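Not measured: the values here are computed from a predicted model. The sequence lines fix the lettering, A, B, ..., with proteins before strands; numbering per chain opens at 1.
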Amino acid sequence: MFADSENVDGNVPVATYKEGLPYRRRDSGKGNGFPRDRKIRNLNKKIYQSLPLLAHPNGMIRNLNKKNYQSFHQFPHPNGMQVTDGKHPSEQLSAYNRLLRAGRLTECVELLEDMERNSLLDMNKVYHAKFFEKCKSQKAVNEAFRYTKLIPNPTLSTFNMLMSVCGSSQDSEGAFQVLRLVQEARFKVDCKLYTTLISTCAKSGKVDLMFEVFHEMVNAGVEPNVHTYGALIDGCARAGQVAKAFGAYGIMRSKNVKPDRVVFNALITACGQSGAVDRAFDVLAEMGAETQPIDPDHITIGALIRACANAGQVDRAQEVYEMIHQYNIKGTPEVYTIAVNCCSGDWGFACRVYDDMTRKGVVPDEMFLSVLIDAAGHAGKLDAAFEILENARDQGINIGIVSYSSLMGACSKAKNWQKALDLYEDLKSMKMRQTVSTVNALITALCDGDQLQKAMEVLSDMKGLGLSPNCITYSILLVASEKKDDLDAGLMLLSQAKRDRISLNLVMCRCIIGMCLRGFVKACTLGEPVVSFDSGRPQVDNKWTSVALMVYRDAMVAGVMPTMEVLSQVLGCLHLPYDVSLQDKLIENLGVSADISRCSNLYSLIDGFGEYDPRAFSVVEEAASLGIVPCVSLKSIPVVVDVRNLQIHTAEVYLLTVLKGLKHRLAAGAKLPNVTILLPLEKTQLLSPKGGDKTINLAGRVSQAVAALLRRLGLQYQGNESYGKIRINGLVLRRWFQPKLHVSPFMGKPGDWSSSQSRLGKGITHQQRDIRTGNLSSE
DNA sequence: TTAGGGTTAG
């Protein structure tokens with residue numbers, strides 16, 4: 001029963017107030033890490049805004065500088081033990097206040113609890129609101145509950161503040177826990193408490209629960225006010241439920257509660273979120289049409305800009321931004337951040353926004369700088385990006401990893417790996433705690449700059465920086481290794497990723513399988529042995545095929561849906577090489593002696609028809625069951641095999657799978673239908689000598705491959721592949737499946753089928769085990 | 001000693 005051990009204030013795990021469920025800080029989430037992510041930025045903002053003095057649990061100082069280091073040592077030990085030892089309560093309370101100012105909430109609570117154990121605590125001497133305020137800014141629900149427990153006679157306002165902490169932390173469970181505590185203490189739940197509860201549900205995305213609370217409130221005879229409706233509409237807005245938002249607004253109007261700017265702003269946000277830009281402007285008009293007109297504020301402007309930008313109306317967003325001047329709004333960094341971010345393709349506009357802000361004396365915060373640097377990066381203005389940061393630093397603005405991460409992203413976008421590497425070294429020497437996304441941006445820059453070796457060095461550096469590479473790190477590196485066709489590097493990355501418990505994604509899977517296919521094709525071309533007969537049956541057996549199949553399997557297990565491209569590549573790795581001696585060996589392996597010169601179509605007897613490893617069928621059948629390739633009905637007349645949207649290997653195996661199915665139907669005594677194969681066509685324009693263009697159809701690569709396959713198999717077809725459709729006659733097919741064998745006298749009489757049939761029969765039994773009924777053939 | 005609103009890429 002411990003709270004998140006990596007709390008923002010970097011403290012030791014603590015027991016929770018609530019029994020059973022541990023409270024977790026909501027802002028320490030995991031992100032995808034490329035090039036930055038919201039959660040990390042939020043976390044960083046919290047860290048830099050509220051906690052200038054950070055100590056890591058292991059005693060390392062996170063935000064390293066001398067001043068911080070000194071102040072760290074002014075504080076008592078995190079375990080709080082030596083604080084109480086023989087010290088006067090007033091001294092302990094001033095220690096408490098110092099800790100509170102530093103935002104070290106867990107230690108604050110521990111100190112108070114320690115005093116309580118020693119019967120030295122008088123909670124009347126502690127200012128409650130300040131503690132709850134800090135809890136709100138740090139989303140420290142757990143500490144807030146523990147603190148409340150120390151108050152001997154909590155009032156309704158105490159619970160209101162506690163509830164408010166839950167609200168800011170989006171902890172609806174905690175909020176309902178507070179409600180229970182209030183009821184247990186026999187207080188009457190007031191409007192403020194209900195409103196905060198509604199707001200908590202709103203922030204946690206629980207719209208239905210929110211309305212339940214609202215109705216309960218009304219039923220309990222508590223009158224909702226403008227704050228309550230504000231929270232309600234906000235909840236609808238966050239959930240993108242415009243209709244409900246206006247519904248709540250309607251109730252509010254019908255109860256004669258006068259809407260204020262907060263309510264209108266929430267309505268505009270709701271419209272913007274669901275793409276209803278015009279309606280957002282209607283709300284703006286409504287604000288001005290009130291008996292006492294309400295001017296827009298910076299939040300209105302921000303919401304309107306976002307509404308426009310969400311709908312792709314960048315020009316309109318820029319017009320809205322100008323309203324800042326019209327209404328003489330000074331604004332806060334947030335609204336300027338929205339403006340730059342929503343129009344980040346327009347570097348000139350971003351610069352104007354930055355100027356306006358500077359002129360109005362609004363100090364940019366880290367988030368704004370980060371977005372501005374992004375915009376510079378998008379515009380390819382790498383020097384400008386560095387300048388922005390230098391200027392900010394000169395102005396004494398606290399710059400953290402969020403902005404530096406954007407700068408790294410800008411280096412990466414500008415494909416300037418040297419600058420990226422310099423920045424990385426600078427960050428290391430500044431002892432700036434880097435994030436995975438920063439390093440991912442560096443690795444991207446290095447890979448783009450064809451510096452795979454350096455990128456791999458950075459990867460091995462990461463662990464030393466206390467960073468765990470994520471799936472994006474490995475994806476970037478694998479893409480680079482594929483670009484260089486460096487399978488060894490790829491396999492090394494793959495095994496390292498496995499060790500790091502990074503599950504395969506499509507990018508990683510595609511890169512490895514792509515390299516495997518290239519390696520396999522090359523080996524086939526060079527005549528290297530890639531097939532073994534060890535199991536008695538021909539099997540494509542080599543390292544490339546094994547790795548490709550393994551990665552394909554692993555990806556499926558990890559829940560990755562393979563694409564047609566990946567499927568085709570895997571099948572490519574199961575393709576038997578065109579090699580006369582191999583073909584002879586395949587026939588020989590059948591164990592029938594036949595006059596090959598008279599009978600060229602023995603391929604129908606071989607598993608995989610001498611073209612593919614039989615495992616290819618299972619792969620395609622599985623792909624059909626997953627909907628990656630369409631299913632074929634073997635019962636329709638004619639059987640239609642549509643390979644128009646398939647790649648070469650897939651098209652080939654797909655067709656062979658149908659043939660295999662029909663072979664089994666024939667063995668079961670069915671009459672074979674005709675088979676129609678639909679082939680893709682490529683149109684090309686011919687200049688006719690008489691003038692005017694003429695469009696003709698050409699057989700594409702897939703069509704040619706399919707036709708060539710049928711010719712190799714000795715299976716006759718009608719029609720021409722350049723018409724997009726060919727046909728195999730059912731009778732022809734039957735004869736092909738039942739070749740007349742000239743069997744050697746040692747094996748039986750000529751024309752005697754028994755031995756080869758029994759062999760064939762065994763083969764079929766074996767194959768039938770692999771077949772999933774209802775997959776490819778929807779019988 | 002108490003309540004409602006915003007900011008980040010691909």
Side-chain angles (χ1 to χ4, degrees), chain A residues 31-45 123-124 126-133 136 151 154-165 167-168 178 182 187 189-200 202-203 210 224-235 237-238 248 252 257 259-270 272-273 297-306 331-342 344 364-375 377-378 402-403 405-406 409-410 412-413 437 440-441 444 472:
Chain A
N32 65 14
F34 178 75
R36 292 153 320 199
D37 72 71
R38 174 176 295 199
K39 282 166 186 163
I40 288 178
R41 276 218 218 171
N42 275 338
L43 179 61
N44 275 289
K45 189 184 176 192
M123 277 305 265
N124 290 323
V126 185
Y127 193 71
H128 302 175
K130 219 176 240 168
F131 185 84
F132 286 119
E133 274 310 308
K136 266 167 91 165
I151 303 172
T155 62
L156 191 55
S157 82
T158 314
F159 290 118
N160 265 318
M161 289 187 282
L162 179 59
M163 175 81 90
S164 182
V165 175
S168 303
V178 178
V182 169
F187 284 110
V189 183
D190 68 354
C191 178
K192 284 176 188 169
L193 201 87
Y194 273 124
T195 300
T196 314
L197 185 55
I198 287 173
S199 160
T200 309
K203 286 173 187 151
M210 175 177 88
N225 63 15
V226 66
H227 289 256
T228 320
Y229 288 105
L232 216 50
I233 295 171
D234 171 58
R238 283 169 196 263
M252 178 181 178
V257 177
D260 63 1
R261 189 154 39 209
V262 175
V263 168
F264 284 121
N265 286 346
L267 284 173
I268 292 176
T269 305
Q273 290 234 319
D297 68 352
H298 56 285
I299 295 176
T300 322
I301 306 294
L304 281 171
I305 293 177
R306 272 164 61 89
T332 58
E334 282 98 331
V335 68
Y336 296 101
T337 306
I338 298 171
V340 170
N341 193 53
C342 289
S344 74
D365 62 1
E366 172 149 34
M367 214 65 74
F368 176 81
L369 291 172
S370 162
V371 170
L372 189 64
I373 290 167
D374 275 350
H378 272 298
V402 180
S403 301
S405 197
S406 292
S412 156
K413 270 185 219 118
S437 56
N440 280 349
T444 305
I472 293 158

**Student:** With a 4.5 Å cut-off on side-chain heavy atoms, are A:Thr158 and A:Phe132 touching?
**Tutor:**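 A side-chain contact exists here, since the closest heavy-atom pair is under 4.5 Å.
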**Student:** Give a yes/no on whether any side-chain N or O of A:His128 is located under 4.0 angstrom from OP1 or OP2 of B:dT2.
**Tutor:**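 Indeed not, no polar side-chain atom of A:His128 lies that close.
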**Student:** For the side chain of A:Ser157, counting heavy atoms from C-beta on, which of B:dG6, B:dT7, B:dT1 is nearest?
**Tutor:**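 Closest nucleotide to the A:Ser157 side chain: B:dT1.
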**Student:** Below the 4.0 Å mark, does B:dG4 have OP1 or OP2 next to a side-chain nitrogen or oxygen of A:Arg261?
**Tutor:**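 Indeed not, no polar side-chain atom of A:Arg261 lies that close.
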**Student:** Using side chain to side chain donor-acceptor pair (under 3.5 Å) as the criterion, list what pairs up with A:Asp260, not counting sequence neighbours.
**Tutor:**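 Applying side chain to side chain donor-acceptor pair (under 3.5 Å) to A:Asp260 gives none.
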**Student:** Is A:Asp190 side chain donor-acceptor paired with the B:dA3 base, going by distance under 3.5 Å alone?
**Tutor:**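 No, no donor-acceptor pair under 3.5 Å.
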**Student:** Look at the side chain of A:Thr196 and the base of B:dG4, then say whether one donor and one acceptor between them are separated by less than 3.5 Å.
**Tutor:**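 Per atom types, no contact qualifies.
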**Student:** Rounded at 0.5 Å granularity, tell me how far CD1 in A:Ile373 sits from OG in A:Ser405.
**Tutor:**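 Result: 10.0 Å between the selected atoms.
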**Student:** Under 4.0 Å: is that the gap between some side-chain N or O of A:Arg306 and OP1 or OP2 of B:dT7?
**Tutor:**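 Result: yes.
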**Student:** In terms of side-chain heavy atoms of A:Ser199, which of B:dT7, B:dT1, B:dG4 is nearest?
**Tutor:**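 For the A:Ser199 side chain, the nearest candidate turns out to be B:dG4.
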**Student:** What residues, two or more places apart in sequence or in another chain, satisfy side chain to side chain contact (heavy atoms under 4.5 Å, CB included) together with A:Ser164?
**Tutor:**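 By the side chain to side chain contact (heavy atoms under 4.5 Å, CB included) rule, A:Ser164 matches A:Lys136, A:Thr196.
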**Student:** Which of the following nucleotides, B:dG6, B:dG4, B:dT1, is nearest to the side chain of A:Ser164?
**Tutor:**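 Between B:dG6, B:dG4, B:dT1, the one nearest the side chain of A:Ser164 would be B:dG4.
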**Student:** Using the aromatic ring of A:His227 (for Trp, its six-membered ring), decide whether it stacks on the base of B:dA3 within the limits of 5.5 Å and 30°.
**Tutor:**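 The ring of A:His227 is stacked on B:dA3.
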**Student:** Using the side-chain heavy atoms of A:Ala231, tell me which of these nucleotides is nearest: B:dG4, B:dT2, B:dG6.
**Tutor:**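 So the side chain of A:Ala231 is nearest to B:dG4.
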**Student:** Please tell me which of the listed nucleotides, B:dT1, B:dT7, B:dA3, lies nearest to the side chain of A:Asp365?
**Tutor:**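 Per side-chain heavy atoms of A:Asp365, the pick is B:dT7.
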**Student:** State which of B:dG6, B:dT1, B:dA3 makes the closest approach to the side chain of A:Tyr127.
**Tutor:**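 Of the candidates, B:dT1 comes closest.
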**Student:** For the base of B:dG4, is there a side-chain donor-acceptor partner from A:Asp260 under 3.5 Å away?
**Tutor:**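 Yes, the side chain and the base share a sub-3.5 Å donor-acceptor pair.
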